Amino acid sequence: MSAFSYQARDRSGNLTAGDLHAPNLDAAAAALRAQGLFPVRLKPARGRAAKRKSHPVENAGRPSLEIPADDATPRAREPRPVRGRIKRAEVVAFSHQLAVMIDTGVPISEAMACIVSQTPNPAFQAVLDRVASVIRGGDKLSTALQAHPRIFPRVMISLVEAAEASGGLGQMLERVSEYLAKERAIVAKARGALTYPAVMLGLALVIVVGLVMFILPRFEKLYTAKGSALPGPTQVLLGVSNAITAQPWAWLAGGVGLAVAFALYRRTDAGRRQLDALRLAAPVIGPLTRQLFLARATRLMGTLFAAGVPILDIIRLVRKVTRSHRYEQLWDHVSSHLERGGQLSEALEGSELIPPDVRQMILAGEKSGRLEQVLTKVADFSETEFDERVKTATQLLEPMMIVAMGVFVGFLALALLLPVFQASTATG
């Protein structure tokens with residue numbers, strides 16, 4: 001047992017300090033959270049504090065969510081991946097089936113064996129069989145799920161871990177399935193809104209490649225045989241065709257190089273910041289992205305509050321599942337404000353990423369003691385607003401893409417047919 005010195009705040013924001021003994025730093029932090037204390041500073045004790053006798057903090061049975069920092073504790077090593085695609089809908093169905101069987105009194109090992117035998121996807125069946133074998137070996141469900149972070153989301157693992165500490169695993173799994181199902185639905189709507197423009201853009205690219213590589217060279221021979229001066233649009237089109245057909249592999253290599261450079265740039269901090277700023281400032285994509293992040297964050301916070309997870313752990317988990325640099329900065333600010341004893345509504349004040357009406361509703365929930373219900377209502381409202389924005393964006397993008405494709409095809413037709421019209425006029 002090692003000695004640690006700590007400073008922590010309770011749920012009221014009051015600062016307390018002391019010493020405790022624990023096997024390691026993570027166990028000390030977990031023991032503090034189990035007592036409802038949120039560590040502000042925790043480090044190995046030195047001098048007299050290390051020699052002073054101190055008793056370990058006892059676990060009060062309260063749900064505590066252990067979320068290690070990215071650079072503090074290594075992730076669980078994932079076993080050899082199983083071939084085959086595993087959809088998020090299968091994870092949702094698994095969570096719901098396991099919740100029903102646990103609530104009806106079936107032991108978890110028997111429930112897992114039954115679910116494994118009924119899983120139609122061989123890849124997911126192999127994963128669940130590994131999870132079941134870990135459980136049969138005496139480990140907890142959360143420990144078994146941590147070995148497959150690419151299949152079971154971090155939110156699910158954290159909620160299961162909290163439920164195992166406080167009881168009510170079946171009810172928590174049902175909440176997990178509801179949360180994952182709603183998250184899957186809202187992400188599917190976001191992808192659906194972008195499918196039509198992507199298809200139209202791909203179609204335009206195929207048309208351009210086909211014209212440049214196969215059609216224009218034949219027309220060029222016809223134009224050369226006529227010997228007359230070509231119109232401006234035709235000269236532009238032929239210039240592009242000659243530049244591409246002269247060195248097609250160089251253009252292909254350049255395109256691949258640009259794609260690789262863009263992918264590497266996205267992984268840098270500067271690239272993440274700039275691309276995230278562009279995405280949030282885009283005319284149509286920006287409002288959709290903001291509404292999507294707001295709906296997901298409030299839905300997750302409401303689910304975690306209902307599970308009894310402490311507010312600081314909630315903010316840390318929301319920050320970890322947010323794929324946006326600016327939103328990560330927001331949740332870092334919220335976390336530091338809460339550690340100083342502030343309220344959630346105060347930390348969100350002045351942020352352009354959180355609408356003022358949402359902040360007012362959160363403030364009302366804090367005053368009335370119904371923050372969990374308020375966050376759930378905000379999530380429902382945000383998802384409804386997101387649906388409306390998706391419909392509006394689709395209605396705007398469809399005519400815009402049709403007009404753009406019409407102008408593009410019209411320019412191509414004009415560039416190809418103008419020399420023919422000129423030759424016919426000259427002949428007449």
Side-chain angles (χ1 to χ4, degrees), residues 1-76 140 142-143 146 154-155 157-167 172 300-301 304-322 328-348 366 369 371-372:
M1 300 287 283
S2 303
F4 297 91
S5 297
Y6 69 87
Q7 286 185 348
R9 293 186 181 276
D10 57 18
R11 295 183 66 89
S12 302
N14 299 321
L15 185 64
T16 182
D19 304 317
L20 63 95
H21 278 90
N24 50 51
L25 191 65
D26 292 335
L32 289 172
R33 292 195 186 99
Q35 285 287 351
L37 299 176
F38 310 123
V40 176
R41 181 178 300 170
L42 181 62
K43 61 182 180 179
R46 296 180 180 179
R48 295 181 179 179
K51 298 177 181 179
R52 192 164 49 230
K53 205 168 185 179
S54 175
H55 298 286
V57 180
E58 296 180 359
N59 193 333
R62 200 172 159 176
S64 176
L65 189 59
E66 183 78 16
I67 309 175
D70 291 336
D71 56 350
T73 303
R75 294 181 180 178
K140 298 183 293 184
S142 59
T143 304
Q146 285 176 1
R154 186 179 300 171
V155 175
I157 297 173
S158 300
L159 289 175
V160 169
E161 187 177 1
E164 289 171 341
S166 62
M172 180 62 73
L300 177 57
M301 291 173 69
L304 293 172
F305 264 113
V309 178
I311 179 63
L312 279 177
D313 287 337
I314 292 175
I315 299 302
R316 292 175 63 191
L317 184 56
V318 171
R319 193 263 188 205
K320 285 182 176 291
V321 300
T322 301
E328 288 177 357
Q329 289 182 325
L330 170 64
W331 298 122
D332 287 339
H333 167 71
V334 171
S335 179
S336 62
H337 187 82
L338 292 175
E339 288 177 354
R340 295 193 299 267
Q343 291 184 323
L344 178 61
S345 57
E346 296 174 351
L348 297 176
E366 289 176 333
L371 186 56
E372 171 194 337

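All of these numbers come straight from a predicted model, not from anything done at the bench.
For the atom pair CE (Met301) and CD1 (Ile315), the distance works out to 4.0 Å, reported to the nearest 0.5 Å. Separating the CD1 atom in Ile157 from the CZ atom in Arg154 is a distance of 8.5 Å, to the nearest 0.5 Å. Atom CG of residue Leu317 and atom CG of residue Leu312 lie 12.5 Å apart, to the nearest 0.5 angstrom. Note that CD of Gln343 is 11.0 Å distant from CG of Leu348, once rounded to the nearest 0.5 Å. The line from CZ of Arg319 to NE2 of His333 is 14.5 Å long, rounded to the nearest 0.5 Å. Atoms CG and CD, on Leu338 and Glu346 in that order, are 9.0 Å from each other to the nearest 0.5 Å.
The shortest non-hydrogen separation linking Ser5 to Asp19 is OG-OD1, 2.9 Å. Between Ala3 and His21, the shortest heavy-atom contact is CB-NE2, 3.7 Å.
For the pair Glu366 (side chain) and Leu344 (backbone), a donor-acceptor distance under 3.5 Å is present.
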